[in-house]
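Working notes for the structure below.
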Amino acid sequence: MLTLRKETPGDYEAVEALTRRAFYNVYAPGCIEHYILRQMRTHPDYLPELSFVLEDGPRLIGSIHYTRAWLAGKPGKPGLPVERIQAVTFGPISVEPELQRQGHGKRLLRHTLDLAAALDYGAAVVFGNPDHYVSVGFRSCQHYNVCQPDGRFPSAMLVRELQIDTLTGGPFVYFGSPALEVDGGEAEAYDASLPPMKKGWLPTQETFDILSHSFLE
């Protein structure tokens, strides 16, 4: 039986280990997502009310975590104040490797996005592979005229409205939380302190490299 429930402090160790297993070698040899999660929990932008785990019987098989984000833009008329939309971003979203591509991640995502909408967040933004997110309502950032502070539209930046017509009348600029910024050296040192896992190359690393360096015109 599958059960979705809010994460508790008693889950932290198991969730961190799950996150490490789920992301190891996916985007680079090794991973830093478990360290990002560890850092996120102590940041004021972390949203524990949207942190959920998925269990299959007594076994914890998935988790999702959110932080605050912001979209800033001008309504379009000179002299009017800058509009600021409260948004969310999520990740890491983790599923046990042998149980991936079975809909568990989407189950976590749909449930928590509905909760974020009920909490009046205006939009959700994620950087990821479009194949994973368009089926749950995300669209290209360019569709909503949401860009980075440098004015560019990353191919991997995807947006979903959580309130109807929230993103009408852009442009908007996306600002993520510092909670997701980590020191690579510290992350590597922390990973080295854990039980060893074998680093290696996977094709997903090339896909990530392509997506993270491409932009829409």
Side-chain angles (χ1 to χ4, degrees), residues 15-40 54 61-67 69 88-110 113 124-144 146-160 173-217:
V15 167
E16 185 179 311
L18 164 66
T19 300
R20 190 177 183 228
R21 291 192 297 273
F23 283 94
Y24 221 73
N25 296 330
V26 173
Y27 298 133
C31 76
I32 63 172
E33 280 74 12
H34 54 306
Y35 184 78
I36 292 174
L37 176 57
R38 190 178 183 86
Q39 176 177 281
M40 282 168 55
L54 179 65
I61 64 168
S63 66
I64 191 169
H65 310 273
Y66 283 76
T67 56
V88 294
T89 188
F90 58 88
I93 175 170
S94 307
V95 175
E96 283 288 3
E98 73 273 17
L99 299 176
Q100 293 175 6
R101 298 176 182 84
Q102 297 180 25
H104 298 312
K106 290 179 181 177
R107 183 175 287 106
L108 282 160
L109 192 49
R110 289 190 177 105
L113 287 173
V125 181
V126 67
F127 286 80
N129 190 326
D131 286 345
H132 299 160
Y133 299 111
V134 283
S135 62
V136 287
F138 283 83
R139 304 188 71 171
S140 161
C141 60
Q142 194 176 51
H143 173 82
Y144 291 110
V146 175
C147 64
Q148 292 186 147
D150 63 6
R152 295 196 295 178
F153 299 95
S155 300
M157 188 163 78
L158 308 168
V159 181
R160 174 176 154 171
V173 180
Y174 171 73
F175 294 94
S177 170
L180 302 176
E181 299 171 4
V182 302
D183 182 292
E186 291 179 2
E188 182 70 22
Y190 178 66
D191 187 64
S193 74
L194 300 174
M197 293 180 67
K198 187 176 180 180
K199 293 183 179 181
W201 183 86
L202 293 174
T204 50
Q205 295 175 21
E206 184 67 18
T207 302
F208 173 74
D209 187 60
I210 293 168
L211 279 174
S212 60
H213 292 91
S214 63
F215 298 86
L216 301 171
E217 295 295 336

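Numbering starts at 1 and runs along the sequence shown. Values below: all heavy atoms of this structure, side chains included; hydrogens, waters and symmetry mates excluded.
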State, with a plain yes or no, whether a side-chain heavy atom of Arg139 is found less than 4.5 Å away from one of Val159.
no
Is there a side-chain contact between Val15 and His65 in this structure, where contact means two heavy atoms from C-beta onward sitting under 4.5 Å apart?
yes
Closest approach of Ala69 and Thr89, non-hydrogen atoms and distance?
CB-N, 4.3 Å
Should we say atom CZ of Arg21 is surrounded by more than 12 heavy atoms from elsewhere, each under 6.0 Å from it?
yes
Given His34 and Leu194, is the side-chain contact (heavy atoms from CB on, under 4.5 Å) satisfied, shown in steps?
CA-CA 11 Å; His34 54 306; Leu194 300 174; 3.6 Å; yes
Side-chain heavy atoms of Asn25 within contact of Met197, under 4.5 Å:
no
Heavy-atom closest contact (Tyr174 atom, Val146 atom, distance):
CB-CG1, 4.0 Å
Looking at CG of Asp209 and OH of Tyr27, how far apart are the two atoms once the value is rounded to the nearest 0.5 Å?
13.0 Å
Just wondering, do Leu109 and Tyr133 contact through their side chains at under 4.5 Å, heavy atoms?
yes
Glu188 side, atom CD; Ser193 side, atom OG - distance, nearest 0.5 Å:
10.5 Å
Spacing of OH belonging to Tyr144 relative to CZ belonging to Phe153, to within rounding of 0.5 Å
14.0 Å
Distance, nearest 0.5 Å, that separates CG of Leu180 from CG of Leu37:
10.5 Å
State, without any angle test, whether Ser214 and Ser155 hold a side-chain donor-acceptor pair at a distance under 3.5 Å.
yes
Do Pro130 and Phe138 have side chains that get closer than 4.5 Å, going by heavy atoms?
no
If you look at every heavy atom in Asp191 and Tyr24, which pair is closest and at what distance?
OD2-OH, 2.9 Å
What distance do Gln142 atom CD and Phe215 atom CZ have between them, rounded to the nearest 0.5 Å?
12.5 Å
How about Leu113 and Tyr66: do any of their side-chain heavy atoms sit closer than 4.5 Å?
yes
Is any side-chain heavy atom of Thr204 closer than 4.5 Å to one of Asn129?
no
Can you name the nearest heavy-atom pair linking Gly128 to Leu211, along with the distance?
O-CD1, 4.5 Å
Heavy-atom donor-acceptor pair, Arg38 side chain to Glu16 backbone, under 3.5 Å:
no
Provide the closest heavy-atom pair for Val95 versus Gln100 in the form atom of the first, atom of the second, distance.
O-NE2, 2.9 Å
Check whether any side-chain heavy atom of Arg20 sits under 4.5 Å from a side-chain heavy atom of Tyr35, and report yes or no.
no
When you measure from the side chain of Gln39 to the backbone N and O of Glu181, does any donor-acceptor pair fall under 3.5 Å?
yes
Can you measure from CZ (Arg107) to CD1 (Ile64) and round to the nearest 0.5 angstrom?
13.0 Å
For Leu18, is there any backbone N or O sitting under 3.5 Å from a side-chain donor or acceptor partner on Glu96?
no
Closest approach of Glu33 and Pro92, non-hydrogen atoms and distance?
O-CG, 3.9 Å
